[in-house]
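Below: the structure, in structure tokens.
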Amino acid sequence: MNTTLLADIVEISKDDPVAFTFFTGYMVMFAASVFFFERSRVDGKWKTSLLVSGLITGIAAVHYYYMRDYYASTGTNPTALRYIDWTLTVPLMCVEFYLLTKPAGAKVGLMWKLIVASAWMLVAGYIGEAFTDGTTGYSVTWGVLSTIGYVYILYTAWFGEVKQLGDASGNPTIVRGIKTLAWFVLVGWAIYPIGYMCMPGGWLNVGLGWNSSNVDLFYNIADAINKIGFGLVVYNIAVSDKQPQTATA
Ligand SMILES: *C/C=C(C)/C=C/C=C(C)/C=C/C1=C(C)CCCC1(C)C
């Protein structure tokens, strides 16, 4: 197998919306990173959170750079690059939850539980995509296993430790911000399993005839919404928080 990266891009075909989203995705991730890295508008205690937001979109930008070329030259899903990107960026989103709840007493264990759940979700998803035999049984089994990790993060953000510590902070800006992030996890992250189900054997593939090129369409749109959206929520918390700097920051 040829793993070198990769031929020059000649053109984007006008009937290839997937290629279009790869190129746009790269550029918006890049632009968002510049925005988040410029941290002079926020208080000292929020600078780390903004840095992490910029790292999330920055890591994504680099992967999109390679994924768009991969897609443009092969026309196939850049599954490995996709999952390498997620394996780095989703744990960093878990770090954001930890940083937001740390002033209210979050322990580092909370961060690790979320990271382990996200790793579980992604490893199962990767096995489900990369090694699929095209059967529904295979696709659904690994999809369901992956969903266990997803539901754990969802629960923690909506009802569990993240929600409780947010409330305990007594800071309305943080309570509202965590609520918004929880909505992102519920609605924005739910786009990914929709993409997954377009894989051979997946329910949307079998049921509606959606195919592998839809996978990247869903993933690219979801990434832009979630990675930039998450960062903007954190940015918004940082600029609207009027509470004095805490000792833990
Ligand atoms: C920046 C990247 C993000 C936020 C990626 C999130 C990915 C998911 C929430 C993926 C979830 C999946 C399932 C819940 C089941 C099917 C397999 C996955 C991995 C697509």
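We count ligands from 1, going down the list as the structure has it; atoms in each ligand are counted the same way. No hydrogens, no waters, no symmetry mates; every other heavy atom, side chains included, goes into these values.
For the side-chain contact (heavy atoms from CB on, under 4.5 Å) test with Arg82, the passing option among Asn220, Asn77, Val215 is Asn220; the others fail. Across Tyr71, Tyr66, Tyr65, Phe20, a single residue satisfies ring-ring contact (aromatic ring centres under 6.0 Å, His included) together with Tyr26, and that is Tyr65.
Annotation for ligand 1: atoms under 4.0 Å from non-hydrogen atoms of Trp189 are 4 (C), 9 (C). Heavy-atom contacts of Asp223 reach the following atoms of ligand 1: 1 (C), 2 (C) (cutoff under 4.0 Å). Every atom of ligand 1 with a heavy atom of Thr147 under 4.0 Å away is listed here by number and element: 14 (C), 15 (C). Near Gly125, meaning under 4.0 Å from any of its heavy atoms, are these atoms of ligand 1: 17 (C), 19 (C). For ligand 1, the atoms closer than 4.0 angstrom to any heavy atom of Thr89 are 1 (C). Ligand 1 places these atoms under 4.0 Å from at least one heavy atom of Trp86: 2 (C).
The protein heavy atom nearest to atom 15 (C) of ligand 1 is Ser146 OG, 3.3 Å. With respect to atom 10 (C) of ligand 1, the closest heavy atom belonging to the protein is Tyr192 CB, 3.5 Å. Summary of contacts: the protein heavy atom closest to atom 2 (C) of ligand 1 is Lys227 NZ, 2.3 Å. The shortest contact between atom 9 (C) of ligand 1 and any protein heavy atom is with Met121 CE, 3.4 Å. The nearest protein atom to atom 16 (C) of ligand 1, hydrogens excluded, is given as Tyr196 CG, 3.5 Å; this is a heavy-atom distance.
With ring centers used as reference points, Tyr83 lies 6.0 Å or more from Tyr219. Between Tyr152 and Trp120, the gap from one ring centroid to the other reaches at least 6.0 Å.
Between the side chains of Asn205 and Asn211, no donor-acceptor pair is found at a separation under 3.5 Å.
When non-hydrogen atoms are compared, ligand 1 lies under 4.0 Å from neither the backbone nor the side chain of Asp85. Contacts of Tyr83 with ligand 1, taken as heavy-atom pairs under 4.0 Å, involve the side chain alone.
In this structure, Tyr235 and Phe36 have tilted ring planes: the angle between them lies in the 30° to 60° band. Between Phe22 and Tyr64, the angle of the ring planes lies from 30° to 60°, which puts this pair in the tilted group. Ring geometry, Trp189 versus Tyr150: the interplanar angle falls under 30°, so the pair is classed parallel (tilted spans 30 to 60°).
Under a 4.0 Å heavy-atom criterion, Gly143 is in contact with ligand 1. At a 4.0 Å cut-off, at least one heavy atom of Tyr219 sits close enough to ligand 1 to count as contact. Contact analysis puts Met93 in contact with ligand 1, with a non-hydrogen atom separation below 4.0 angstrom.
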Original post:
Can Glu96 and Ser53 be said to form a side-chain hydrogen bond (donor to acceptor under 3.5 Å, both in side chains), step by step?
Top reply: CA-CA 8 Å; Glu96 295 280 32; Ser53 296; 2.8 Å; yes
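When all heavy atoms are compared, the tightest approach of Ala104 to Ala168 is CB-C, 4.3 Å.
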